[in-house]
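Data first, discussion second: the structure below is written as structure tokens.
Chain letters run A, B, ... following the sequence lines, proteins first, then strands; residues in each count from 1.
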Protein chains: 2
Amino acid sequence: MSNPATIEDVARLADVSIATVSRAIHTPEKVAKTTRQRVNQAIAITGYTTNAMARSLRMGRSNMILVLAPDIADPNFSSILIGLENEARASGYGVLIGHTQNDAERGLEYLKFVSSGQAAGLVLFTGHQPFGHQALAERLPPSVAVFEPVFDSKIPYVGVDDKAGGRKAAEHLLSAGHRRIAFIGDSKTRLGQQRRRQGFDDAMNAARIAPENRLVLDGDGTIESGRLGVEQLFMRDTLPTAFMCVNDATALGVMNGLAARGYDIPREFSVIGFDDVPQATYVKPALTTIRQPRSAIGKQAMASLLTMLETPEQEPTEHLIIPDLIVRGSVSEPLSASLR
Amino acid sequence: MSNPATIEDVARLADVSIATVSRAIHTPEKVAKTTRQRVNQAIAITGYTTNAMARSLRMGRSNMILVLAPDIADPNFSSILIGLENEARASGYGVLIGHTQNDAERGLEYLKFVSSGQAAGLVLFTGHQPFGHQALAERLPPSVAVFEPVFDSKIPYVGVDDKAGGRKAAEHLLSAGHRRIAFIGDSKTRLGQQRRRQGFDDAMNAARIAPENRLVLDGDGTIESGRLGVEQLFMRDTLPTAFMCVNDATALGVMNGLAARGYDIPREFSVIGFDDVPQATYVKPALTTIRQPRSAIGKQAMASLLTMLETPEQEPTEHLIIPDLIVRGSVSEPLSASLR
DNA sequence: TTGTACGCGTTATCAC
DNA sequence: GTGATAACGCGTACAA
């Protein structure tokens with residue numbers, strides 16, 4: 001008998017019906033002490049564990065949450081994940097991760113997984129809807145987006161307040177005395193990046209910085225895009241005194257590009273990032289940045305998802321968390337100021 | 001009708017029995033052209049997708065592989081994962097990730113997942129058996145271990161040849177002229193670490209280095225353990241001229257500790273790591289190390305697992321891949337040699 | 001070529 | 001307090 005024991009094996013051994021076994025497990029108070037004991041004994045002997053699949057099939061709902069991530073190596077991912085997991089586990093849910101690699105086929109596969117009821121809810125780390133059959137995509141289970149809002153959808157988003165964070169970053173640069181600032185990493189499709197850009201603009205407007213002193217460059221948030229931004233800027237007439245980067249990866253690229261040209265940070269150029277990835281502390285000088293409250297995001301996102309599961313009628317809400325500025329070594333006053 | 005369409009909805013619409021629908025999907029050649037077309041049309045209209053859960057329950061086998069990882073942020077993990085995924089997908093399997101955080105409760109949860117047939121196979125990234133019910137642990141599905149062999153078990157291991165790698169690293173140090181070398185990161189429980197240590201010993205023996213010139217320190221493979229190793233060594237009389245670290249994290253810690261004491265690498269001390277994590281290139285000087293052939297490991301591991309699934313009678317085999325030495329900037333000849 | 005009916009392991013609704 | 005039994009959605013002998 002190498003097959004896992006079923007509820008029937010237990011029933012036979014305890015000499016009761018399978019109904020009684022099920023009751024003994026889920027509503028112990030409704031079964032007589034003595035029978036309950038017999039059942040428990042039988043369970044111990046057979047090593048019975050309820051078959052989660054059959055259970056979910058019958059109940060039409062599982063206790064697993066699927067987290068969809070395009071890139072598992074994203075330094076933001078793991079700590080958000082831990083927040084998600086801890087909160088889920090506290091409510092008796094388990095967490096499974098699907099790695100989509102930004103690939104439609106893989107997305108479809110996971111979509112089938114959830115649509116067949118093997119997951120009760122979905123956490124999207126992707127910034128877009130999972131691809132796949134139209135029919136499947138329309139029947140998404142309760143879902144939340146973390147880290148990046150889902151473009152063009154009504155999926156509730158839990159994450160950092162990008163606009164407020166962007167504003168904080170820009171203000172830090174301004175208060176250090178910078179007046180000509182480059183924003184690296186504008187985007188037409190990524191909502192989070194757009195919002196950070198908005199915060200930047202708000203701060204610049206409030207400080208009455210003329211538009212020609214705002215150098216805005218596109219970028220996709222990669223290290224390369226940061227390097228590229230530096231190159232593009234050096235081909236222009238006017239250089240900024242500070243770089244505000246849409247995220248830390250971009251900032252790392254910018255620092256890299258600047259270092260390659262022999263410039264000293266922060267003496268000659270100031271750089272500020274966004275996210276506070278682990279890398280930010282290792283680089284020299286350590287990167288001043290805006291910190292993502294990652295585990296708080298995970299915790300809140302899962303909490304939202306779970307309430308959606310328990311009370312489906314309730315309208316889901318966005319949850320924006322204001323981030324903190326982390327001052328390290330990559331920002332100082334502009335060179336021109338100290339020359340005066 | 002917001003519920004997903006079932007096979008019965010399709011059958012009704014195509015005016016056939018569910019058996020015919022099932023056949024039309026799985027053995028199209030066994031159903032008449034005209035009926036097949038009607039069925040396909042009905043499928044298209046309803047947006048039907050077969051319920052993977054019911055299917056697995058009926059067939060007693062799913063097409064998902066579960067990957068168990070204690071720490072999703074391990075820089076070694078993601079590229080091994082991609083190797084696993086590509087290979088799995090080529091054979092029609094999907095990959096799901098369970099993050100155990102080295103926690104027994106979580107391990108048990110995932111164990112239940114597989115034991116209820118929701119995953120056909122298991123990939124262990126943990127270095128130990130998943131914890132849980134004895135009964136469950138004994139009924140593990142076909143499994144392979146990657147990255148780190150599973151201690152005290154017969155689960156086949158696919159990974160780097162740690163001993164050969166350890167030997168290569170030591171030989172590199174020796175051929176640079178070092179004769180007093182510290183090994184940081186010995187372990188009594190972790191097989192991979194032990195094997196690297198063995199390779200180290202082999203090389204030292206072959207070079208006839210006296211045991212008193214081998215400084216072996218315990219360590220758990222974390223950055224902290226590297227720092228700690230440096231501290232411990234500096235409290236002794238004799239210092240090594242080179243550090244062979246059980247992995248890159250340890251090496252980073254060692255470099256960190258050395259830098260904190262104002263030493264120059266590689267002029268005053270040489271350091272070599274093992275793994276070749278992304279970090280290794282960013283640090284200064286860039287770390288000379290042994291490279292894990294990560295995606296090859298993932299590919300081979302999944303291939304092994306899949307053959308175990310298809311032909312269960314076959315004896316599983318270990319698969320050791322010889323790693324390459326990656327020479328960067330953290331090793332040079334010992335200071336004493338250049339002083340001569 | 002197609003349809004009927006059973007079973008996979010549960011839970012829940014009835015009766016007793 | 002307990003036991004039959006009907007679902008959940010699917011695949012597949014077996015019968016037609």
Side-chain angles (χ1 to χ4, degrees), chain A residues 1 3-40 42-43 46-64 112-120 136 139, chain B residues 1 3-40 42-43 46-63 112-118 120 136 139:
Chain A
M1 183 175 60
N3 288 341
T6 76
I7 199 172
E8 258 183 292
D9 298 328
V10 177
R12 207 170 320 147
L13 192 61
D15 196 37
V16 293
S17 75
I18 62 168
T20 303
V21 176
S22 183
R23 271 189 295 254
I25 296 174
H26 298 103
T27 51
E29 68 279 7
K30 293 199 167 188
V31 47
K33 244 172 269 175
T34 62
T35 25
R36 199 192 317 152
Q37 286 171 345
R38 278 215 319 284
V39 170
N40 286 334
I43 289 182
T46 55
Y48 167 78
T49 311
T50 117
N51 181 316
M53 189 162 44
R55 179 177 213 276
S56 299
L57 178 60
R58 174 64 232 252
M59 308 257 283
R61 131 195 287 264
S62 93
N63 66 151
M64 284 285 166
K112 283 184 183 168
F113 183 83
V114 301
S115 85
S116 64
Q118 303 197 72
L136 286 184
R139 291 198 231 272
Chain B
M1 185 175 57
N3 289 340
T6 75
I7 199 172
E8 259 184 291
D9 299 328
V10 177
R12 207 171 320 147
L13 192 60
D15 197 35
V16 293
S17 75
I18 63 166
T20 302
V21 175
S22 182
R23 272 189 293 255
I25 296 174
H26 298 103
T27 52
E29 67 279 7
K30 293 199 167 187
V31 47
K33 244 172 267 174
T34 61
T35 27
R36 198 193 317 153
Q37 286 171 346
R38 279 215 318 283
V39 171
N40 286 334
I43 288 180
T46 55
Y48 167 77
T49 312
T50 117
N51 181 316
M53 188 163 46
R55 179 176 212 278
S56 299
L57 179 60
R58 175 65 234 261
M59 308 261 282
R61 132 194 286 264
S62 95
N63 66 150
K112 283 183 182 166
F113 183 82
V114 300
S115 85
S116 65
Q118 305 197 70
L136 285 184
R139 291 197 231 272

Exercise: identify the closest heavy-atom pair between A:P4 and A:D9: O-OD2, 4.3 Å
Taking only N and O in the side chain of B:R55, is any of them less than 4.0 Å away from OP1 or OP2 of D:dG11? yes
Do side-chain atoms of A:S56 reach the backbone of A:A52 as a donor and acceptor pair under 3.5 angstrom? yes
Tell me: NZ of B:K30 to P of C:dG3, nearest whole Å? 16 Å
Could you tell me the separation between the NE2 atom of B:H26 and the P atom of C:dT1, rounded to a whole number of Å? 19 Å
Of the options D:dC10, C:dT10, C:dG3, whose atoms approach the side-chain atoms of A:I18 most closely? C:dT10
For the side chain of B:S22, starting at C-beta, report the closest nucleotide among D:dG11, C:dT10, D:dA4. D:dG11
Grab the CD-P distance between A:E8 and D:dT5 for me, whole Å please. 13 Å
B:A24 backbone acceptor or donor facing B:R36 side chain under 3.5 Å: no
5' precedence on DNA chain C between B:R23 and B:M59 (nearest-nucleotide basis): B:R23
B:D15 atom CG is separated from C:dT2 atom C1', nearest whole Å, by 12 Å
Any B:T35 side-chain N or O less than 4.0 Å from OP1/OP2 of C:dT2: yes
Here the gap from A:T35 atom OG1 to A:D15 atom CG, rounded to the nearest 0.5 Å, amounts to 11.0 Å
Sugar-phosphate, base or nothing in reach of B:T50, heavy atoms under 4.0 Å: sugar-phosphate
B:R58 CZ to D:dG9 C1': how many Å, rounded? 11 Å
Categorize A:L57 for me: base, sugar-phosphate, or nothing, with a 4.0 angstrom heavy-atom threshold over every strand shown. base
Rounded to the nearest angstrom, tell me the gap between atom CD1 in B:I7 and atom P in D:dC10. 6 Å
Could you pull out the closest heavy-atom pair between A:I25 and A:Y48, with the gap in Å? CD1-CE2, 3.8 Å
Taking the minimum atom-to-atom distance to the side chain of A:T20, which one of D:dG3, D:dA13, D:dG9 wins? D:dG3
Scan B:T6 against the nucleic acid and name what it touches under 4.0 Å (heavy atoms): base, sugar-phosphate only, or nothing. sugar-phosphate
Out of D:dC10, D:dG1, D:dG11, minimum distance to the side chain of A:A32 belongs to D:dG1
For B:Q118 and C:dT10, what is the distance between atoms CD and P respectively, to the nearest whole Å? 12 Å
B:D9 CG to D:dC10 C1', in whole Å, measures 13 Å
